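The next block holds one structure in the form of structure tokens; read it before the comments.
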Amino acid sequence: QLQLVESGGGSVQAGGSLRLSCAASAYTLSYTCMAWFRQAPGLEREGVATFDRDGRTTYSDSVKGRFTISKDNAKNTLALQMNSLKPEDTAMYYCAAARTGRCYGWGQFAYWGQGTQVTVSS
């Protein structure tokens, strides 16, 4: 059974940076579409970024140019580098994995981590 564990969340001032990491067990991420999602209190969960088996990435408009998703196949981890953070980036961030290698939509993800909290103060 695939297990995903996020880490790296915390509190930071606006304009700062954080790096989230997602470690996978019992599963190889190399051939899997992976993603980061986030959910702020009172709001629906939203997709942030995807990384497919061929290394293609996509980003939501709200984070494009500030966040970078990456995968380390040797360590079997997924990362999200977040720069120029804004208070509106405050949310619980989740790592997710699909059952396929290609990323084709936010609704395809079957496996989820427990989340890591990111808080950005103004």
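This is a predicted model, so every value here is computed, not measured.
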Apply the test side-chain contact (heavy atoms from CB on, under 4.5 Å) to residues L4 and Y94: give CA-CA distance (whole Å), side-chain angles for both, the deciding distance (0.1 Å), then the verdict.
-> CA-CA 9 Å; L4 302 171; Y94 297 91; over 6 Å; no
Considering residues, nucleotides and ligands other than Q39, do more than 12 of their heavy atoms fall under 6.0 Å from its CD?
->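 For Q39, atom CD is crowded (more than 12 foreign heavy atoms under 6.0 Å).
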Is it true that atom CD of Q81 has more than 12 heavy atoms of other residues, nucleotides or ligands lying nearer than 6.0 Å?
->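 Above 12, so yes.
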For the residue pair W112 and F37, is the inter-centroid distance of their aromatic rings smaller than 6.0 Å?
->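 Yes - the distance between ring centres of W112 and F37 falls below the 6.0 Å cut-off.
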What are the two closest non-hydrogen atoms of P87 and S122, and how far apart are they?
->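 So the two residues come closest at CG-CB, 3.9 Å.
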Distance, nearest 0.5 Å, that separates [atom1] of [X] from [atom2] of [Y]:
X	Y	atom1	atom2	result
T116	L80	OG1	CG	11.0 Å
C22	E6	SG	CD	5.5 Å
L20	T77	CG	OG1	12.0 Å
S84	R66	OG	CZ	7.0 Å

Considering residues at least two apart in sequence or located in another chain, which fulfil the side chain to side chain contact (heavy atoms under 4.5 Å, CB included) criterion with [X]?
X	answer
S7	S21
T58	T50
D61	K64
E88	K86

Listed partners of [X] passing side chain to side chain donor-acceptor pair (under 3.5 Å), at least two apart:
X	answer
T57	none
S60	S62
D52	R56

List, by chain and number, the other hydrophobic cluster members for V5, where Ile, Leu, Val, Met, Phe, Trp and Tyr join if side-chain heavy atoms come within less than 4.5 Å, directly or indirectly.
->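 For V5, no cluster forms, as it stays isolated from other hydrophobic side chains.
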Residues two or more places apart in sequence or in another chain: which of them pass salt bridge (Lys or Arg N to Asp or Glu O under 4.0 Å) with E46?
->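 Counting only residues at least two positions away or on another chain, E46 forms a salt bridge (Lys or Arg N to Asp or Glu O under 4.0 Å) with R38.
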According to the salt bridge (charged side-chain N to carboxylate O under 4.0 Å, His left out) rule, which pairs have a member within residues 71-81, sequence neighbours left out?
->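 Sorted result for residues 71-81: empty, none.
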Taking the side chain as every heavy atom from C-beta outward, state whether D89 and F67 have any pair of such atoms under 4.5 Å apart.
->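 With C-beta onward as the side chain, the pair touches.
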So do M82 and V118 actually touch side chain to side chain, heavy atoms under 4.5 Å?
-> yes
Taking only distance into account, with no hydrogens and no angle test, what donor-acceptor pairs under 3.5 Å do side-chain atoms of residues 101-110 form with protein atoms, sequence neighbours excluded?
residue : atom : partner : partner atom : Å
R102    : NE   : D54     : OD2          : 3.3
R102    : NH2  : D54     : OD2          : 3.4
Q108    : OE1  : Y104    : N            : 2.5
Q108    : OE1  : G105    : N            : 3.1
Q108    : NE2  : T100    : OG1          : 3.0
Q108    : NE2  : R102    : O            : 3.0

Sort and list the pairs that fulfil disulfide (SG to SG under 2.5 Å) and have at least one residue in residues 57-88, not counting sequence neighbours.
->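 Every pair satisfying disulfide (SG to SG under 2.5 Å) with a residue in residues 57-88: there are none.
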Would you please test C33 and F51 for side-chain contact (heavy atoms from CB on, under 4.5 Å) and show each step?
-> CA-CA 6 Å; C33 168; F51 193 110; over 6 Å; no
Within the side chain of N76, is there an N or O that forms a donor-acceptor pair under 3.5 Å with the backbone of L29?
->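 Between the backbone of L29 and the side chain of N76 there is a qualifying donor-acceptor contact (under 3.5 Å).
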